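To start, the structure under review is shown below, and the notes come after it.
Owing to the predicted nature of the structure, the values given are computational and were not obtained by experimental measurement. Each ligand, and each atom within it, is numbered from 1 in the order the structure gives.
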Amino acid sequence: MDNNAIGVFDSGLGGLTAVKELNRILPNENIIYFGDTARIPYGTRSRETVLRYAREDVAFLLRHPVKMIIAACGTVSSVLGTNSPVEDMPFTGVLYPAAETACAVTKNGRIGVIGTPATIRSGSYEHAMHTINNDVCVTAMACPLFVHLVEYGYTDRNNKITRLAAEEYLEPIRNAQVDTLILGCTHYPIIRDIIADIMGDDVNLISPGEEAAKFAKRCLEERELLTDRTEKGKNRYYVSDSVSMFRENAKHFLEDAAHGQVFSSRI
Ligand code: DGL
C-alpha cells in the first residue's frame, strides 16, 4: 500500500485524458499533474529538446510525493521508447499501452495512427505494433494543427475550423480502410467527436491517455502500491504558464480542473 500520488505530465491539456480515466478507475488516488503550457508544443521540436523537457518535467514531479509517473504525452513516449526516465519507481508512457490495445481490437489488421510531427517521424507506434504483430498494416499521419486547436479551445463538435483540418488530415487514413485508429497524441481525444464523425461508427478510436491509465492501475495492483484511502482522492494541477488559461480550456473537458487547485510553477 502507498498513499503517495500518481504523477502525470504532458505539454499542456492532453494529459488530462489520462487524469480523467485515472479518476474514474482509481477514484481514491491523489494525482499531481504537470502541464508544461509555457513550452507547448513539444511535437514540433527536435528529439534532443523533447528529451530535455521530459527529464525536467519528471524532475518537477519527483519534487512531490509520487509513487508512479505517467508520461501522458505521445511525443515524449515516442522519443523515450522503452527507456524509463526514472529509477526505482514505476513509469509508463502512453505508446505501448495504446499499441497493445490497437493490436488486440483490430479485426482487419489495418490500423491508423495520428500524432504530432515528432511522434509520426519517430515511427515508434509502427515499431511497437510490429513488435506485437508483424502482420498489421499501419497508416500514419501527422496532424500538427490539432494541438493548437485544442489548446485554443476549438473543441466543439461543430467547430468548422477543426472539422476542416480533421477532414484534410484523416483522408489518407480513411482511404486505407482502417478499422482501428490510435489518437496518438493525448490532445486528440479532446476532439474525439469530430474525429469519430469523420471516421464513422465502425472504426475503434484508441485514446492513449486512457490506455496508459488502465496500464497504471494494473501496474500498481501488481506491486501492491494502491492507496488504502477510502475517501475520494484529490487532484492538484501545476502549469508553467497562465493558470487562468488552463482553467478556461480545461473546464470544457475536465470539470475538476476548472474548480480544483491549479498552481503556476516554474520548472
Ligand atoms: N499531448 C502531447 C502528445 O501527446 C503533446 C503535444 C505537443 O506538445 O505537441 O504528443
Side-chain angles (χ1 to χ4, degrees), residues 7-22 33-58 60-61 69-81 85 92-99 101-102 112-126 128 140-155 162 165-166 169 181-192 195 205-213 215 237 239-241 245-246 249-250 252-254 257 267:
V8 182
F9 74 92
D10 179 44
S11 57
L13 288 176
L16 298 180
T17 55
V19 173
K20 195 172 182 181
E21 184 66 6
L22 285 169
Y33 183 83
F34 177 63
D36 193 6
T37 48
R39 301 195 294 194
I40 194 171
Y42 284 10
T44 50
R45 301 186 195 275
S46 69
R47 185 187 149 75
E48 291 67 33
T49 301
V50 174
L51 275 177
R52 178 162 61 82
Y53 287 178
R55 278 195 291 267
E56 290 167 0
D57 298 345
V58 166
F60 174 83
L61 287 175
I69 290 185
I70 303 177
C73 174
T75 307
V76 167
S77 309
S78 297
V79 166
L80 287 175
T92 185
V94 295
L95 175 71
Y96 291 95
T101 303
V113 187
I114 52 176
T116 65
T119 294
I120 299 306
R121 204 171 49 231
S122 75
S124 51
Y125 272 104
E126 286 98 315
M141 186 74 193
C143 308
L145 290 178
F146 278 176
V147 167
H148 302 282
L149 293 166
V150 168
E151 290 285 328
Y152 279 115
Y154 286 18
T155 51
T162 306
Y169 287 142
L181 173 60
I182 299 180
L183 309 180
C185 164
T186 51
H187 279 71
Y188 299 177
I190 300 175
I191 51 167
R192 186 187 185 109
I195 296 172
L205 300 183
I206 311 288
S207 160
E210 267 181 50
E211 298 308 322
F215 179 89
Y237 303 93
V239 289
S240 52
D241 199 3
M245 271 164 62
F246 177 81
N249 290 337
H252 300 297
F253 175 66
L254 189 63
I267 55 168

Min side-chain heavy-atom separation Y169-I114 under 4.5 Å: no
Amino acids in close contact with ligand 1, where any non-hydrogen atom sits under 4.0 angstrom away: D10, S11, I40, P41, Y42, G43, C73, G74, T75, T116, V147, C185, T186, H187
Which residues share a ring pair (Phe, Tyr, Trp, His ring centres under 6.0 Å) with F60, sequence neighbours left out: F34, H64, Y238
Partner residues of E21 under the salt bridge (Lys or Arg N to Asp or Glu O under 4.0 Å) criterion, sequence neighbours left out: R24
Ring pair (Phe, Tyr, Trp, His ring centres under 6.0 Å) against Y53, all qualifying residues, sequence neighbours excluded: Y42
Beyond-backbone contact of T37 with M245, side-chain heavy atoms, under 4.5 angstrom: no
Smallest separation among heavy atoms of V150 and L13, with atom names: O-CD1, 4.0 Å
